[in-house]
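This structure is a prediction, so every number in the text was calculated from the model and none was measured. Just so you know, these numbers use all the heavy atoms, side chains as well, and skip hydrogens, waters and symmetry mates.
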Amino acid sequence: QFVESGGGLVQPGGSLKLSCVASGFSLTSYAIAWFRQAPGKESEAISCISTDAIITYFIDSLKDRFTISRDNARQTVYLQMNSLQPEDSNVYYCAAAWAHPSILPLEWADDTEYESWGQGTQVTVSS
C-alpha cells in the first residue's frame with residue numbers, strides 16, 4: 001500500500017512537494033503514476049515514472065511546473081509542484097504498476113493498469 005503526504009493549503013504561485021511511501025512490497029519493480037481528482041470529476045493521470053527513473057512522462061499542461069522523482073532505497077516517489085494555480089486543487093493519488101525497467105506501462109494513463117493505490121492527499125490552492 002501507499003501513504004501519500006505533503007498536501008495542504010498553498011497560495012497561488014506557491015509550491016508543494018508530495019511524497020508517496022510504499023510498504024509491503026518493493027518499489028523497485030513498479031512504475032509509479034500520479035493521478036489527481038477534483039470533486040465530481042473523473043480522475044486524471046498526470047505523470048508516470050519508470051522503475052529506474054530513466055523514463056518520466058507528464059501531461060503537456062504540467063510539464064513545465066511539476067517534476068516527478070523517486071528514491072527506491074526510501075521506497076518513496078515524489079511530486080514537486082511549482083507555480084501552483086487554483087485549478088491544481090485536487091486530491092492527488094499515487095499508484096503502482098509492475099513494469100520492466102526503463103519503460104512505462106503501455107497505457108500509463110489508464111487507472112486499470114495499476115495494482116496499488118494510496119489514500120490520496122488534498123491540495124488546495126487559494127488566496
Side-chain angles (χ1 to χ4, degrees):
Q1 66 179 29
F2 285 110
V3 176
E4 295 104 334
S5 62
L9 175 64
V10 63
Q11 292 186 342
S15 297
L16 285 174
K17 187 173 185 177
L18 306 185
S19 298
C20 173
V21 181
S23 62
F25 65 97
S26 174
L27 199 62
T28 306
S29 299
Y30 290 83
I32 306 297
W34 284 95
F35 289 74
R36 64 183 185 180
Q37 186 171 24
K41 295 187 177 181
E42 292 189 359
S43 65
E44 175 187 33
I46 62 173
S47 183
C48 193
I49 186 167
S50 63
T51 61
D52 51 6
I54 296 297
I55 306 296
T56 62
Y57 189 82
F58 267 99
I59 58 174
D60 287 344
S61 61
L62 296 179
K63 63 177 55 178
D64 293 333
R65 297 191 292 120
F66 288 16
T67 304
I68 189 171
S69 62
R70 65 191 293 162
D71 182 342
N72 286 343
R74 296 181 182 273
Q75 291 275 96
T76 304
V77 177
Y78 304 98
L79 184 67
Q80 176 69 47
M81 306 186 297
N82 300 323
S83 301
L84 284 162
Q85 301 301 317
E87 55 266 33
D88 295 318
S89 297
N90 286 275
V91 178
Y92 286 74
Y93 300 88
C94 57
W98 188 92
H100 292 290
S102 304
I103 63 172
L104 299 180
L106 185 62
E107 301 290 340
W108 76 271
D110 183 349
D111 58 8
T112 64
E113 288 274 352
Y114 298 89
E115 304 157 32
S116 297
W117 291 79
Q119 84 291 348
T121 185
Q122 175 71 51
V123 172
T124 302
V125 185
S126 174
S127 56

May I ask you to decide if the ring planes of Tyr93 and Trp117 are parallel, tilted or perpendicular, using 30° and 60° as cut-offs? perpendicular
Evaluate the side chain to side chain donor-acceptor pair (under 3.5 Å) criterion for residues Thr28 and Ser26: first the C-alpha distance (whole Å), next the side-chain angles of each, then the deciding distance (0.1 Å), finally the verdict. CA-CA 5 Å; Thr28 306; Ser26 174; 3.2 Å; yes
With a 3.5 Å distance limit and no angle check, can you tell me whether Thr124 reaches the backbone of Ser89 through a side-chain donor-acceptor pair? no
Transitive ILVMFWY side-chain link Val3 to Tyr78, under 4.5 Å: no
Do Ile32 and Phe66 share a hydrophobic cluster, counting only Ile, Leu, Val, Met, Phe, Trp and Tyr and linking them when any side-chain heavy atoms are less than 4.5 Å apart? yes
Minimum heavy-atom distance Glu113-Pro105, with the two atoms named: OE1-CB, 3.9 Å
Decide whether Met81 and Val21 are clustered together by the hydrophobic rule: side chain heavy atoms of Ile, Leu, Val, Met, Phe, Trp, Tyr closer than 4.5 Å, transitively. no
Output the distance between atom OG1 (Thr121) and atom CZ (Arg36), rounded to the nearest 0.5 Å. 14.0 Å
Pairwise distance CD(Glu107) to OG1(Thr112) - rounded to 0.5 angstrom: 8.5 Å
Those residues that, when tested against Ser23, pass side-chain contact (heavy atoms from CB on, under 4.5 Å) (two or more places apart): Gln1
So Thr56 and Ser47, do their side chains get closer than 4.5 Å, heavy atoms only? no
Are any side-chain N or O atoms of Arg70 and backbone N or O atoms of Ser50, one a donor and one an acceptor, separated by less than 3.5 Å? yes
Does any N or O in the side chain of Gln75 come within less than 3.5 Å of the main-chain N or O of Leu27, such that one atom is a donor and the other an acceptor? yes
In this structure, which one of Tyr114, Phe2, Phe25 forms a ring-ring contact (aromatic ring centres under 6.0 Å, His included) with Tyr30? Phe25
On a heavy-atom basis, the closest approach of Cys48 and Leu104 is SG-CD2, 3.8 Å
Is there a donor-acceptor pair closer than 3.5 Å between any side-chain N or O of Arg65 and the backbone N or O of Ser83? yes
Going hydrophobic residue to hydrophobic residue with side-chain gaps under 4.5 angstrom, can you get from Trp98 over to Trp34? yes
Donor + acceptor pair across side chains of Asp52, Ser102 (<3.5 Å): yes
Using atom types as modelled and distance alone, determine if a side-chain donor or acceptor of Gln122 lies under 3.5 Å from a backbone N or O of Gly120. no
Going hydrophobic residue to hydrophobic residue with side-chain gaps under 4.5 angstrom, can you get from Ile49 over to Ile54? yes
CD1/Ile68 to CG/Leu62 distance, rounded to the nearest 0.5 angstrom? 11.5 Å
Mind checking whether Gln37 and Asp111 have side chains closer than 4.5 Å, heavy atoms only? no
Please give me the minimum heavy-atom distance between Ser15 and Gln80, naming the atom from each residue. CB-NE2, 3.9 Å
Donor-acceptor pair, distance only, cut-off 3.5 Å: does the side chain of Glu4 make one with the backbone of Cys94? yes
What one should report as the nearest heavy-atom pair of Ile59 and Ala45 is CG2-O, 3.4 Å
When rounded to the nearest 0.5 angstrom, what distance separates OG in Ser61 from CD in Gln85? 12.0 Å
I need the minimum non-hydrogen distance between Phe58 and Leu79, along with the two atoms involved. CZ-CD1, 3.8 Å
Closest non-hydrogen atom pair, Asn90 against Tyr92: O-CD1, 3.4 Å
Check whether any side-chain heavy atom of Ile103 sits under 4.5 Å from a side-chain heavy atom of Ile55, and report yes or no. no
Please say whether more than 12 non-hydrogen atoms of neighbouring residues, nucleotides or ligands are located less than 6.0 Å from CD in Glu87. yes
